[in-house]
Amino acid sequence: MKILVCISNVPDTTTKITFSPDGKAFNTAGVQFVINPYDEYALTRAIELKEAQGGTVTVLNVGEADTEPNIRKALAIGADDAIRVNLKPTDAFLVAQQIAHYAKEGGYDLILMGRESIDYNGFQVHGMVGELLGIPTIAPAIKLDVNGSTATLEREIEGGKEVIEAVLPLVVTAQQPMTEPRIPNMRGIMTARTKPLKVVEPVGQDAKTSVQNYELPPAKSGVKMISADSAGDLIKLLRNEAKVL
């Protein structure tokens, strides 16, 4: 079984977010980037499937050269090889177009990725990849098993869980509690240095959207203490200031 795992390079969750003076770009100065946490579930599950059934795990990232440390980390965790599409990921369709092209070229049986990236939370790429390839997409999955050419997945739905069977090839997005993400050990870090990392040029470059402006949410106002005898004042504040009524 050939598995392709798509990973994103995202700011660490503890990062203080700032933007350029004109508000048109994210300020990356001093920012620590990590593998998108949801993608780590996909990567770890892919490696578990490979260990149990054989096969290969390839990591694909759409990004510029500064993403390579995290690609190497994915190799250290257990992926066999990696592809970096040399392109800044500015648009969901643009990213999906790259993934679909190289997934088709590589003839992968299973394409895994996180349910969404934690920077933009778009929840778009997986569906576009499936549509471009003409194969099913199941998202988000909390459990994934593969038996031969059949995948059995579990999804959370309102009021319960849903179990789905689908025939490979297939696009699947992962979220907790699919598995426990792995931390690379010393042996993995050493072997990752010699694993293949192929840099390829983008195709198409048909971005459908562009960011016009970024802005931070308004600063939180101070806490207002309302006397227990002033229910009317509380209602006015909730209606006129908090605007929740």
Side-chain angles (χ1 to χ4, degrees), residues 1-8 35-62 74 79-83 85 89 91-118 120-179 181 202-204 206-209:
M1 180 166 57
K2 294 182 67 177
I3 305 174
L4 181 69
V5 180
C6 308
I7 64 171
S8 300
I35 298 174
N36 179 46
Y38 287 119
D39 296 339
E40 290 189 297
Y41 291 105
L43 174 62
T44 302
R45 187 61 187 137
I47 293 166
E48 291 171 347
L49 289 170
K50 180 191 78 168
E51 292 171 346
Q53 304 182 25
T56 60
V57 174
T58 299
V59 167
L60 185 147
N61 169 257
V62 179
D80 298 291
D81 63 322
I83 300 168
V85 182
D91 169 80
F93 180 79
L94 182 61
V95 171
Q97 190 177 42
Q98 311 310 312
I99 295 171
H101 174 81
Y102 289 104
K104 185 175 183 180
E105 190 176 81
Y108 295 95
D109 302 297
L110 183 61
I111 302 168
L112 292 174
M113 61 187 78
R115 60 168 290 162
E116 59 192 354
S117 61
I118 63 167
Y120 289 99
N121 300 104
F123 199 68
Q124 300 178 67
V125 172
H126 56 275
M128 295 179 183
V129 171
E131 179 67 20
L132 289 168
L133 292 173
I135 61 176
T137 300
I138 297 176
I142 61 171
K143 188 175 182 180
L144 167 65
D145 292 301
V146 178
N147 184 10
S149 62
T150 302
T152 303
L153 306 101
E154 191 172 289
R155 296 193 321 133
E156 289 181 333
I157 59 174
E158 188 170 349
K161 295 178 181 178
E162 177 182 56
V163 177
I164 302 170
E165 279 194 355
V167 176
L168 304 179
L170 184 68
V171 179
V172 177
T173 71
Q175 69 172 43
Q176 71 275 23
M178 180 174 282
T179 188
V203 297
D206 297 329
K208 303 298 184 184
T209 62

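- The shortest distance between side-chain heavy atoms of Y41 and P181 falls below 4.5 Å.
- Looking at D145 and T152, their side chains never bring a donor and an acceptor atom within 3.5 Å of each other.
- The NE2 atom of H126 sits 11.0 Å away from the CD1 atom of I138 when rounded to the nearest 0.5 Å.
- In this structure, the side chain of D109 does not engage the main chain of P169 through any donor-acceptor pair within 3.5 Å.
- Side-chain contact between Q97 and D206 is present, with heavy atoms from C-beta onward closer than 4.5 Å.
- D91 contributes a side-chain N or O that, together with a main-chain N or O of L94, makes up a donor-acceptor pair within less than 3.5 Å.
- Checking each of I83, V129, V125, V85 against Q98 for a side-chain contact (heavy atoms from CB on, under 4.5 Å) leaves exactly one that passes, namely V85.
- Residue pairs that meet the side chain to side chain donor-acceptor pair (under 3.5 Å) test with at least one member in residues 164-179, sequence neighbours left out, are E48-T179, R115-Q175.
- L60 CG to C6 SG: the interatomic distance, rounded to the nearest 0.5 Å, is 5.5 Å.
- E154 CD to L144 CG: the interatomic distance, rounded to the nearest 0.5 Å, is 11.0 Å.
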Checklist entry - Run the side-chain contact (heavy atoms from CB on, under 4.5 Å) check on M178 and I142 step by step: do they pass? => result CA-CA 4 Å; M178 180 174 282; I142 61 171; 5.5 Å; no
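- The two atoms that bring S8 and N61 nearest to each other are CA-ND2, 4.1 Å, heavy atoms only.
- Of all non-hydrogen atoms in Y102 and Y108, the two that sit nearest each other are O-CE1, 3.8 Å.
- Considering CD of E51 and CD1 of I47, their distance stands at 7.0 Å, rounded to 0.5 Å.
- Closest approach of A74 and V59 over heavy atoms only: CB-CG2, 3.9 Å.
- A distance of 12.0 Å separates CG in L132 from NE2 in H101, rounded to the nearest 0.5 Å.
- No side-chain donor-acceptor contact under 3.5 Å links S117 and N36.
- With values rounded to the nearest 0.5 angstrom, L110 atom CG is found 9.0 Å from L4 atom CG.
- Looking at heavy atoms from C-beta onward, L168 lies in side-chain contact with V146 at the 4.5 angstrom threshold.
- Applying the 6.0 Å contact sphere to NZ of K143 captures no more than 12 heavy atoms from other residues, nucleotides or ligands.
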Checklist entry - Where do E156 and K161 land on the salt bridge (charged side-chain N to carboxylate O under 4.0 Å, His left out) test, with the steps shown first? => result CA-CA 4 Å; E156 289 181 333; K161 295 178 181 178; 5.6 Å; no
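- Residue N121 places its CG atom among more than 12 non-hydrogen atoms of other residues, nucleotides or ligands, all under 6.0 Å distant.
- In this structure, the side chain of D39 does not engage the main chain of M113 through any donor-acceptor pair within 3.5 Å.
- With contacts defined as side-chain heavy-atom distances shorter than 4.5 Å, the pair D80/K50 qualifies.
- Side-chain atoms of M128 and I99, non-hydrogen and from C-beta on, never get closer than 4.5 Å to each other.
- A 6.0 Å sphere centred on CD of E131 holds no more than 12 heavy atoms belonging to other residues, nucleotides or ligands.
- The shortest side-chain heavy-atom distance between L170 and L153 falls under the 4.5 Å cut-off.
- Among V172, V5, L133, I3, the one residue that satisfies the side-chain contact (heavy atoms from CB on, under 4.5 Å) test with I111 is L133.
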